[in-house]
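Below is one structure, written out as structure tokens; comments come after it.
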Amino acid sequence: MNPDYQLMLWAWVGVAAWVGFVIFSNRKIHPKALFTLFMVELWERFSYYGMRALLILYMTADIMDGGFAFDDAKAYGIYGAYGALVYLTPLVGGFFADKLVGFRKAIVWGAILMAIGQFTLFLGGNENETMFYIGLAVLVVGNGFFKPNISSMIGRFYEEGDKRRDGAFTLFYMGINMGAFLAPLTCGAIGENEGWQYGFLAAGVGMAVGYLVFLWGQKQGVYNDVGMGPDVVMEKPIIPGISNKMFPVVATVIMIVLASTLIVYNDIVDLILVILATMVIGYLLYEASKMEKIAKQRIWVIAVLLFFTTVFWTFFELAGSALSLFTARNVDRTLFGFEIKTTFFQSFNPFFIMIFAPIFSWLWIKLSNLNKEPAAPYKFGFGLVLLGLGFLALNLGGSSASAGMIPAIFMVFLYLLHTIGELTLSPVGLSLVTKLSPRHMVGFLMGIWLLSSSLAHQGGKHIAKLTTVNEKTIVESESFKKAKMDEDIKALLISDKYKDKLEDASVEDVLTDSSFIADLNIKSDKDYAKSTVYIKESLDEAKNYKGTKKEKMLKAAKVEFISYSDKAVTSDTISEGELAKLSKNTPGTAVINAIRSESLNKGLSVFKLLGFIAIACGFLLFLIGKPIKKWMHGIN
């Protein structure tokens, strides 16, 4: 069996056992509804993170490999707009739940739409770019109905001041991350092995299962009367001429059209988010001004912490964009003797959450009983400091880099520190909103809270673009011109004819291009040729597979590189060890390593800056924590 699938199966067995333990050990502490919604969210997050693990790689993959061959900047723009809209639409979904349909119907409608969106991505493949954008748009709208309302629904099972609330949201957050852990190992394994579209199919099946689990819980009566309808029924139509019953359906169609347009023309999202954020925060503060003092100041707390949580998620969510491509291009993905898929690295964060979430759940309750639990502002501060330390840990790996590739263990350290930081901030933030919000505004305020992630994804697009590698720019740089390598190859590569080719082709492709070698032989005293070898291990392994997987392995088994004519090899079958020895003496290796090193340094310089900014924000929260805690009026 494919080792990727073996790992996937072991992960499923482990998660099943862990879920059973979590439910059994907490069954007398929390209501049954928590565990049902826990499972619904697990499957929804499986669907979301399964698709997310594939998305940036799918968009930048070559057309022959089943992708769209988008350049990095275009892919980051689409990813950023998609992520921004995913977390923007909860504002609308929270409104519909609060005013028209209630939590339950909003969750059901959102689940149906998200399943349809995943199946659309599957059916479209890379041959239909329009279906790709429509699929993303349907996912965006479905998430808007689903995401804010399942969290708000959980808050209704706990009274204000209930010490179990933070523990409940931490357990719920662990359910989220169990799904997120399985997603890259399942959808990623299927997508990278069998074809990207089959990864999307797996994600769609997961969402359908989550939908069925929710309906089962409803049939069993575990939700009691929670979420049956809005707290206050709107008797008059919100839009004249459209009944309140039909309004959500009409709004869904309009939002899908709008979302697909914005994903394509994603620079518009920048302006929209700035205007929207200003209007929403202004409206929130205006509403707060009409409230009595305690409610007003609690709204202020939400507004202040919203800024810091936006900074956190802007940096954190680079995991799905810049960090994903950084892993594919600048990380030696061999870990403990095994080479793992790029998508699998996105399982480390949820894996660590499954390990540490029960500890934090116990810790907050224990500290609360001792009256020593830190207030939310201080928890947020710790989270930001740990986020920054994660980026700095990645920079430590730069000193251990070889040929522009850092050891995988440093990426693991980054995810470990980011995860611990996340646990001190994210579940606490979700719980805090339900505790600080006036009852009639819970859904709307949860939507506003999720607006931070919307701003984060769109802002992250611009940060990710700072890490974009342009090999032409690197070749034109002074550091490349001073690098030690074959001077004849260097001189020809930096000529206008060939450096311009780096806009669309990789340096490996340019170096092995027949015209490049021909020109090189004319201008140089040395003779060059293209070598072609086949990797024995890859050929042997390919015999065990069929279809797309076999084609990919056979393609990867063929390696071409520039050589000196007297050392050129053609159509030889050699081992991986022999290739490594052979590569050390080829004239193109120094060129490729120089470009990889510059690419690595560019990424690390950006991540280092992010680290210091995050740490500074954390210490700022420590300084202003006392007045913020006072505004919370007894809520911790």
Side-chain angles (χ1 to χ4, degrees), residues 3-4 326-342 397-411 469 471 474-475 479-480 482-493 505-514 516-518 520-521 524-545 550 552-601:
D4 295 337
F326 181 84
T327 301
R329 297 165 179 172
N330 294 110
V331 174
D332 177 1
R333 292 179 281 111
T334 302
L335 195 62
F336 307 122
F338 298 93
E339 183 175 347
I340 61 176
K341 292 283 188 284
T342 300
S399 60
S400 303
S402 175
M405 309 287 276
I406 68 171
I409 193 65
F410 289 96
M411 185 61 74
V469 177
E471 292 185 345
I474 292 176
V475 166
S479 59
F480 181 83
K482 294 177 181 178
K484 292 183 179 180
M485 63 184 73
D486 186 301
E487 291 298 325
D488 293 326
I489 291 179
K490 182 196 295 184
L492 186 59
L493 193 61
S506 68
V507 66
E508 291 90 345
D509 291 337
V510 172
L511 291 177
T512 55
D513 183 78
S514 58
F516 181 87
I517 294 175
L520 189 61
N521 284 327
S524 174
D525 295 332
K526 300 185 284 288
D527 288 327
Y528 301 84
K530 180 170 70 173
S531 289
T532 303
V533 298
Y534 295 86
I535 310 304
K536 183 179 183 300
E537 290 86 346
S538 298
L539 292 174
D540 290 342
E541 189 177 356
K543 295 176 182 177
N544 300 321
Y545 302 97
K550 185 172 184 176
K552 285 185 176 181
M553 295 192 71
L554 290 174
K555 181 180 179 182
K558 182 181 179 181
V559 178
E560 296 178 332
F561 51 90
I562 189 171
S563 304
Y564 295 117
S565 294
D566 60 343
K567 295 182 180 179
V569 291
T570 305
S571 301
D572 284 2
T573 299
I574 62 176
S575 69
E576 291 178 345
E578 290 172 327
L579 176 64
K581 292 179 181 179
L582 188 62
S583 298
K584 289 182 180 179
N585 300 316
T586 62
T589 299
V591 179
I592 294 169
N593 287 347
I595 289 178
R596 284 180 178 174
S597 295
E598 285 300 308
S599 167
L600 174 66
N601 292 335

### Task
Just jot down the side chain to side chain contact (heavy atoms under 4.5 Å, CB included) partners of A529, sequence neighbours excluded, or say none.
S565, A568
To the nearest 0.5 angstrom, please state how far the [atom1] atom of [X] sits from the [atom2] atom of [Y].
{"X": "F336", "Y": "I409", "atom1": "CZ", "atom2": "CD1", "value": "4.5 Å"}
{"X": "S563", "Y": "I517", "atom1": "OG", "atom2": "CD1", "value": "8.5 Å"}
{"X": "M411", "Y": "L335", "atom1": "CE", "atom2": "CG", "value": "11.5 Å"}
{"X": "K558", "Y": "I535", "atom1": "NZ", "atom2": "CD1", "value": "12.5 Å"}
{"X": "T342", "Y": "R329", "atom1": "OG1", "atom2": "CZ", "value": "10.5 Å"}
{"X": "R596", "Y": "I474", "atom1": "CZ", "atom2": "CD1", "value": "12.0 Å"}

With a 4.5 Å cut-off on side-chain heavy atoms, are [Y] and [X] touching?
{"X": "P3", "Y": "F338", "value": "no"}
{"X": "I595", "Y": "V475", "value": "yes"}
{"X": "N330", "Y": "I406", "value": "no"}
{"X": "L554", "Y": "Y534", "value": "no"}
{"X": "S575", "Y": "E537", "value": "yes"}

Strictly distance-based, threshold 3.5 Å: is any side-chain N or O of [X] a donor or acceptor partner for the main-chain N or O of [Y]?
{"X": "E471", "Y": "V507", "answer": "yes"}
{"X": "R333", "Y": "E339", "answer": "no"}
{"X": "S597", "Y": "N593", "answer": "yes"}
{"X": "D513", "Y": "D509", "answer": "no"}

### Query
When you look at L582 and V569, which way does the side-chain contact (heavy atoms from CB on, under 4.5 Å) test go after all the steps?
CA-CA 10 Å; L582 188 62; V569 291; 4.1 Å; yes
### I562/D486 under side-chain contact (heavy atoms from CB on, under 4.5 Å): CA gap, chis, key distance, verdict
CA-CA 11 Å; I562 189 171; D486 186 301; over 6 Å; no
### Query
Among pairs that include at least one residue of residues 553-582, which meet ring pair (Phe, Tyr, Trp, His ring centres under 6.0 Å), considering only residues two or more places apart or in two chains?
Y528-Y564
### Message
Are there over 12 heavy-atom neighbours, none belonging to K567, within less than 6.0 Å of that residue's NZ?
### Response
no
### Query
Salt bridge check: are E487 and K490 linked by an N-O gap of less than 4.0 Å?
yes
